[in-house]
Amino acid sequence: MVHIQVILGSTREGRFGVRAATWVVERLSTREDLEVELVDMRDHQLPYFDAKPPAFTLRDYPTPEVARLGQTLDRADGYVIVTPEYNHGYPAALKNAIDLTFIEWTRKPVSFVSWGGVGGARAVEQLRLVCIELEMAPLRHAVHILPDVLVPAIQAPEPFDLTLLDALQPRLTKLADDLVWWAGALAAARAATPA
Ligand SMILES: Cc1cc2nc3c(=O)[nH]c(=O)nc-3n(C[C@H](O)[C@H](O)[C@H](O)COP(=O)(O)O)c2cc1C
């Protein structure tokens with residue numbers, strides 16, 4: 001069974017992101033071919049990047065908080081990054097977390113769930129390029145939450161009715177099927193030939 005982390009990249013007060021991430025975690029947790037863990041960037045109060053390049057320093061972490069993030073990311077065989085689009089990019093908190101780490105992500109697959117006026121597609125395209133630099137395998141299938149589903153889901157009262165996002169379930173299933181395949185294949189390859 002592969003270990004998949006759902007990385008929630010939006011941290012602001014009143015964020016929609018927690019609804020999207022909860023939906024992803026809940027729906028993935030019904031599958032028997034993976035175990036899922038939420039990694040909420042809001043639970044990781046990280047320093048603003050001010051260190052040596054982690055591509056060289058590897059797990060020589062500058063602070064205990066960065067070490068906790070690194071040790072968390074190390075547990076995963078694959079990731080689903082759940083992200084909004086801010087000014088046609090992705091949140092600075094997410095980039096800061098990525099820049100503070102490196103080796104933890106390497107040779108693992110990553111998929112994306114995003115939202116916005118064009119479903120967060122511009123943020124995801126940027127993230128795919130960043131993930132290549134981290135020697136990850138960014139996957140094709142993504143879930144883009146477009147305004148027809150997004151606006152009612154943002155406006156819905158608490159407690160959030162997860163079924164408001166279920167129109168996207170077929171896309172999440174494709175994403176998960178693909179992610180599980182790659183996570184298993186790359187976990188076996190990493191075990192056979194450690195970097
Ligand atoms: C700083 C900022 C910039 C934004 N820029 C975009 C954008 O470029 N494209 C877009 O589709 N939505 C944009 N939005 C609207 C977001 O899609 C919307 O606020 C969404 O709820 C953000 O996710 P969050 O609530 O999890 O933070 C922006 C929102 C913020 C706060």
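Starting from 1, each residue takes its place in the sequence as its number. Just follow the structure's listing: the first ligand is 1, and inside any ligand the first atom is 1.
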Exercise. Please identify which atoms of ligand 1 are closer than 4.0 Å to at least one heavy atom of Pro84.
Key: 22 (C), 23 (O)
Quiz item: In ligand 1, which numbered atoms sit nearer than 4.0 Å to a non-hydrogen atom of Gly117?
Solution: 10 (C), 11 (O)
What's the shortest distance from [atom] to any protein heavy atom, and which residue and atom give it?
atom: atom 27 (O) of ligand 1; answer: Tyr86 OH, 2.5 Å
atom: atom 21 (O) of ligand 1; answer: Arg12 NH2, 3.6 Å
atom: atom 28 (C) of ligand 1; answer: Glu85 O, 3.6 Å

Exercise. Sort and list the pairs that fulfil ring-ring contact (aromatic ring centres under 6.0 Å, His included) and have at least one residue in residues 13-59, not counting sequence neighbours.
Key: Phe16-Trp115
Quiz prompt | Atom pair OG1 (Thr193) and CZ (Arg107), whose distance is rounded to the nearest 0.5 Å | solution = 6.0 Å
Self-check item: Nearest-0.5 Å distance, CH2 of residue Trp182 to OG of residue Ser111
Solution: 10.5 Å
Self-check item: Pairwise salt bridge (Lys or Arg N to Asp or Glu O under 4.0 Å) hits with a residue in residues 126-141, at least two apart
Solution: Glu125-Arg128
Quiz item: Got a protein heavy atom sitting under 4.0 Å from atom 18 (C) of ligand 1?
Solution: no
Self-check item: Donor-acceptor pair between Lys108 and Tyr79 side chains, under 3.5 angstrom
Solution: yes
Quiz prompt | Structural part of His88 in contact with ligand 1, heavy atom criterion under 4.0 angstrom | solution = both
Practice problem: Please indicate whether any nitrogen or oxygen in Gly116 is less than 3.5 Å from any nitrogen or oxygen in ligand 1. | Solution: no
Quiz prompt | Check: Arg42 main-chain N/O paired with Asp40 side-chain donor or acceptor under 3.5 Å | solution = yes
